K.L.:
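Here it is, the structure, as structure tokens.
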There are 2 protein chains.
Amino acid sequence: MGARFEAGSAIGGVLYKDVKQAILAALADGEWKPGEVIPSERKLIERFGVSIGTLRKAIDELVAENILIRHQGRGTFVATHRLEDHFFRFFRIVRQDGHREYPTVQLARFRRAKADKEEAAALGLAVGEAVFRFTNVLSLEGKPVMIDAITVPEERFKTLSEKQLRERPNTLYNFYQDAFGINIIRTEERLRSALADEDDEALLGVPVGSPLLKILRVASSYHDERVEYRVSRLDTTGHEFVLSQP
Amino acid sequence: MGARFEAGSAIGGVLYKDVKQAILAALADGEWKPGEVIPSERKLIERFGVSIGTLRKAIDELVAENILIRHQGRGTFVATHRLEDHFFRFFRIVRQDGHREYPTVQLARFRRAKADKEEAAALGLAVGEAVFRFTNVLSLEGKPVMIDAITVPEERFKTLSEKQLRERPNTLYNFYQDAFGINIIRTEERLRSALADEDDEALLGVPVGSPLLKILRVASSYHDERVEYRVSRLDTTGHEFVLSQP
DNA sequence: TTACATTTGTTCGTATGTATA
DNA sequence: TTATACATACGAACAAATGTA
């Protein structure tokens, strides 16, 4: 059917916004998966019944939001979390002299649990709902620098196992994509200062009472679906959290 | 002269990028000042000899970078740092329950000095060059929560005085615009954890040894000219630093 | 190596809609 | 009401990058 894209006038919105939402819906449905190419512009304007300019404006916004990636001559792709892509968009820990490095990750704990108040609020769950809790220790240059205490809802990660987490070859967010079709596209972080406790001493090797940077992160997928809550504790004696605006 | 915009083919770059740079140059030259309207699209396409689409693409990027602001029916304006605009783009301190509030500022210290190694590196100066150093105490709900130790190069802030800082009616960055024609459009921040010292105890009222969030910020104007270095110390017992990606 | 088809990138322009003064 | 300004939607033509025959 070459019929005009219907959602547009029906919703009464702006046409390119409707096209954008339709593309987002197709992504959320898994019609096009991370790393895959989406149909060419020519095919999409046929599908949606809009002009090239309108389609490009919709895709422009998705590219600006790091959801799609365009490659001239090749096509438009669904963004992934592979190292080469935008790993450092979500990993903002840097050595104090500015040196950037990929961390090595060690799984320290894993268990099923019921969401506490804080986790429930962060993930939009009811208190007591089933979640997985696991802890990673991240090292840079062989030295532990950050503990990530991660909570995900069981509902969206039904088959998650300790073995999988231990054996995953890629980044965690890339693993979410491959194993569960969950695509992290957005995070909100809140940063505080805290003092190290016995647990930090054991895992990071810092004395109790040392100052640590505490990072509370909520990660979301399409349509702001919250899928991960993470509390990180960073030893800032040699490293720091970096941020650029814009 | 309706002659074609020359810089374009000369530089050999992409036309809309050249237009963008030409607009940035005009802004840096002070041809259009913060808060003012820039010429209409019709006048700009005449001036640069490009099509409406090309001009809009250039302006699109400047809008995305928060340098220009478009208002349908009114015109395109140079962004300011007035409270109504994007104050919270640079002030990211929020109460832990999410409540946002404008801080009150108290100037605690002011003096002329010579740049130390850290300041010189941050601002791209030579060690020993003249700078102004001043300290602000920021309060929320009447309670001090953050100390800002600010350093600016004397070269760019020649006439800066303690009186001016004490009497400025607007935000600090708005004051930079009005008094010195300096427009902060970008910051880079590095966050660490630190322990409170006697100075923090005196100004913030927290006990020595309390954990504080330390924020090192370099603020830049057009063309990445670094114009302010700031070390902040935040009491995170009731507040936190927030961040959204994207 | 070359030639060609495909895909996105850039530039051009027109018509109409919406917001503002 | 009118004029002005930006916003949206349309589409043509050509350039540049890519992959493949």
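Letters A, B, ... mirror the listed sequences (proteins, then strands); counts begin at 1. Every value quoted in this text rests on a predicted model; they were computed, and no experiment measured them.
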K.L.:
Of the nucleotides C:dG13, D:dC10, D:dC6, which has the atom closest to the B:Ile52 side chain?
P.N.:
C:dG13

K.L.:
Applying salt bridge (Lys or Arg N to Asp or Glu O under 4.0 Å), name anything that partners A:Glu101, two or more places apart in sequence or on another chain.
P.N.:
none

K.L.:
D:dC10 phosphate, OP1 or OP2: any side-chain N/O from A:Thr54 under 4.0 angstrom?
P.N.:
yes

K.L.:
Using whole Å, what does the distance between atom C1' of nucleotide D:dT8 and atom CZ of A:Arg56 come to?
P.N.:
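Those two atoms, CZ and C1', are 16 Å apart.
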
K.L.:
Which nucleotide, C:dT18, C:dT10, C:dG13, lies nearest any side-chain atom of B:Tyr16?
P.N.:
C:dT10

K.L.:
Expressed in angstrom and rounded to an integer, what is the separation of A:Ile59 atom CD1 from C:dT7 atom C1'?
P.N.:
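Whole-Å distance recorded here is 12 Å.
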
K.L.:
Any side-chain heavy atom of B:Val50 within less than 4.5 Å of one from B:Tyr16?
P.N.:
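Sidechains of B:Tyr16 and B:Val50: no contact.
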
K.L.:
Could you tell me whether the phosphate oxygens of D:dT4, OP1 or OP2, come under 4.0 Å of any side-chain nitrogen or oxygen in B:Arg74?
P.N.:
no

K.L.:
Could you work out which one of C:dC12, D:dT8, C:dG17 sits closest to the side chain of B:Gln72?
P.N.:
C:dG17

K.L.:
From D:dC6, C:dT8, C:dT10, pick the nucleotide closest to the side chain of A:Ser40?
P.N.:
C:dT8

K.L.:
Would you tabulate the side-chain donor-acceptor contacts of residues 29-38 of chain A under 3.5 Å, counting partners in other chains and residues two or more places apart, or write 'none'?
P.N.:
unit_1  : atom_1 : unit_2  : atom_2 : d
A:Glu31 : OE1    : A:Arg47 : NH2    : 3.3
A:Glu31 : OE2    : A:Arg47 : NH1    : 2.8
A:Lys33 : NZ     : A:Gly30 : O      : 2.9
A:Glu36 : OE1    : A:Lys33 : N      : 3.1

K.L.:
Tell me the interatomic distance from B:Asp60, atom CG, to C:dT11, atom P, rounded to whole angstroms.
P.N.:
13 Å

